[in-house]
Amino acid sequence: MKSTPMIFAAGLLVGLTGLVPAGSAASCWDLWYERNAIYDRNGYCFSTNLGQRTFNNADCWTRNPTLSQWEQRRVAQIQAEERRRGCKVNN
């Protein structure tokens, strides 16, 4: 898969936003990317076009990944912030 600068920049942001509150993320895209990067690292096979284009399912192995407690909490924080902002990145 050919990487685009936007995806690369968002990938860098994931490493940074994992240490700060979800509410300080710059955009709905950043929240969506960070949340789905957690799933990607745990082998999730994406079904949407955006998920497949962004994360490439070549190394996926499950539709039901096992997340650590920290990852579960982080995903819940991100989802709460996405709801608060009315984010609709992949709808």
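No experiment lies behind these values; they were computed from the predicted model shown.
Here the CZ atom belonging to Arg35 is positioned 4.0 Å from the CD atom belonging to Glu82, to the nearest 0.5 angstrom. For the atom pair OG1 of Thr66 and CG of Asn64, the computed distance is 6.5 Å after rounding to the nearest 0.5 Å. The line from OG1 of Thr48 to CZ of Phe55 is 9.5 Å long, rounded to the nearest 0.5 Å. Note that the CG atom of Asn90 and the OG atom of Ser47 stand 8.5 Å from one another [nearest 0.5 Å]. Rounding to the nearest 0.5 angstrom, the gap separating the CG atom in Leu31 from the CZ atom in Arg83 is 11.5 Å. Atom-to-atom distance recorded for Asp40:CG and Asp59:CG is 6.0 Å, nearest 0.5 angstrom.
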**Message:** If you apply the rule side chain to side chain contact (heavy atoms under 4.5 Å, CB included), what do you find for Tyr39 with Leu67, and how did you get there?
**Reply:** CA-CA 8 Å; Tyr39 284 103; Leu67 305 181; 3.9 Å; yes
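Without hydrogens or angle criteria, Arg63 side chain to Cys45 main chain gives a donor-acceptor distance under 3.5 Å. Looking at Asn57, its side chain does come within 3.5 Å of a backbone N or O of Phe46 through a donor-acceptor pair.
Shortest non-hydrogen contact noted between Val89 and Trp29 is CG2-N, 3.8 Å.
Looking only at side-chain heavy atoms (C-beta outward), Arg73 and Gln69 come within less than 4.5 Å of each other.
Salt-bridge annotation for Glu71 and Arg74: absent, with no side-chain N of the basic residue lying under 4.0 Å from a carboxylate O of the acidic one.
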